[in-house]
Amino acid sequence: MAFKLKPLPFPKDSLGPTMSATTLEHHHDKHHAAYVKKLNELVAGSKLEELELEEVVRTTADAETPKERKIFTNAAQIWNHDFFWDCLAPNGGGLPPEPLMKRIEADFGSFDNFRDKFVAAAVEQFGSGWAWLVTQKGKLAITTTHDADNPLTTKAHALWTCDVWEHAYYLDYQEDRAGFVKAVMENAANWQSVGKRLIESDR
Ligand code: FE
């Protein structure tokens with residue numbers, strides 16, 4: 001098996017009630033695991049099997065054949081979920097540490113304004129996808145992507161994300177995507193890891 005399902009970086013019952021253990025069981029052990037299984041089937045015996053996951057995503061981003069497109073979507077979804085889990089933490093949320101907080105205030109006016117804009121963008125994303133906090137040319141920005149697409153294939157550097165596929169929130173929030181994204185930001189976001197990524201991206 002070329003690609004592996006990374007374990008969650010926190011216990012499944014540690015994000016409740018923001019994200020229930022049942023949601024994480026389905027989301028990580030079923031959905032995320034299925035992308036890994038599928039990617040391994042698709043790349044078996046090919047050169048892609050030897051690449052790092054990020055390289056597979058970049059190599060297949062402009063896929064020309066349906067099979068390459070499938071490889072891209074499965075590889076990107078694995079990367080997106082690995083990244084998403086690293087964006088969450090038990091007892092997370094609250095206000096970001098410095099210097100992230102200062103940058104949020106500079107680029108969005110206030111943390112509340114940033115949160116509201118992020119939630120609005122996540123809700124506006126039509127259908128399945130992802131909402132991202134990115135940094136590009138030294139400025140923070142909010143973007144959204146469709147299905148498996150992510151900032152890896154753009155000039156932007158991903159700092160934080162929230163999965164807005166229905167499988168991420170339907171069990172706990174039904175159709176209330178806004179409620180889900182707001183709760184994740186306020187109670188489960190790992191702003192410490194975002195702060196570290198911001199410092200790395202500034203180097
Ligand atoms: Fe997901």
Side-chain angles (χ1 to χ4, degrees), residues 1-44 49 52-54 56-57 69-94 96 115 118-119 121-123 125-133 144-152 158-194 196-197:
M1 296 284 267
F3 298 99
K4 298 233 166 12
L5 175 67
K6 279 194 201 164
L8 283 171
F10 42 76
K12 275 195 201 91
D13 60 358
S14 64
L15 299 187
T18 305
M19 209 179 281
S20 68
T22 310
T23 285
L24 282 164
E25 209 174 298
H26 285 271
H27 201 166
H28 178 268
D29 301 356
K30 302 284 185 338
H31 289 281
H32 188 174
Y35 298 126
V36 177
K37 184 169 179 279
K38 190 73 191 167
L39 180 65
N40 281 319
E41 286 168 12
L42 289 163
V43 299
E49 209 172 19
E52 294 292 322
L53 185 63
E54 279 194 34
V56 178
V57 175
R69 183 71 201 159
K70 272 190 206 158
I71 292 172
F72 169 78
T73 51
N74 283 281
Q77 280 293 78
I78 299 169
W79 190 89
N80 293 346
H81 283 90
D82 287 344
F83 188 80
F84 182 42
W85 307 134
D86 280 339
C87 285
L88 306 175
N91 305 311
R115 182 201 56 215
F118 193 96
V119 171
V123 169
Q125 167 55 38
F126 188 78
S128 298
W130 298 80
W132 306 85
L133 171 65
T144 59
T145 57
H146 189 59
D147 286 344
D149 289 349
N150 65 40
L152 266 190
L159 296 177
W160 193 75
T161 194
C162 191
D163 189 341
V164 296
W165 284 56
E166 282 188 351
H167 67 226
Y169 58 90
Y170 221 83
L171 287 173
D172 296 331
Y173 299 82
Q174 289 77 52
E175 70 288 346
D176 185 14
R177 188 189 282 186
F180 161 69
V181 177
K182 192 162 182 274
V184 171
M185 293 183 91
E186 288 179 347
N187 308 314
N190 187 346
W191 298 129
Q192 303 297 326
S193 73
V194 180
K196 283 186 196 142
R197 267 183 224 116

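Fair warning: this is a prediction, and the values are worked out from it, not measured in the lab.
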Main-chain N/O of H81 paired to Y35 side chain as donor or acceptor, under 3.5 Å
no
Quick one: does T18's side chain have a donor or acceptor within less than 3.5 Å of a partner on N187's backbone?
no
Non-hydrogen side-chain atoms of [X] and [Y] separated by less than 4.5 Å:
X	Y	value
K182	F118	no
W132	C162	no
K12	D29	yes
K30	H167	no

Counting only heavy atoms not in E41, do more than 12 sit closer than 6.0 Å to its CD atom?
yes
Looking only at the aromatic ring of each residue, does the gap between the centers of F83 and W160 stay below 6.0 angstrom?
no
Is the closest basic N to carboxylate O distance between E166 and R177 below 4.0 Å?
no
For the OG1 atom of T23 and the NE2 atom of H28, what is their distance to the nearest 0.5 Å?
14.0 Å
Applying side chain to side chain donor-acceptor pair (under 3.5 Å) to N150 and not counting sequence neighbours gives N80
Taken in chain and number order and not counting sequence neighbours, the residues that satisfy side chain to side chain contact (heavy atoms under 4.5 Å, CB included) with N91 are none
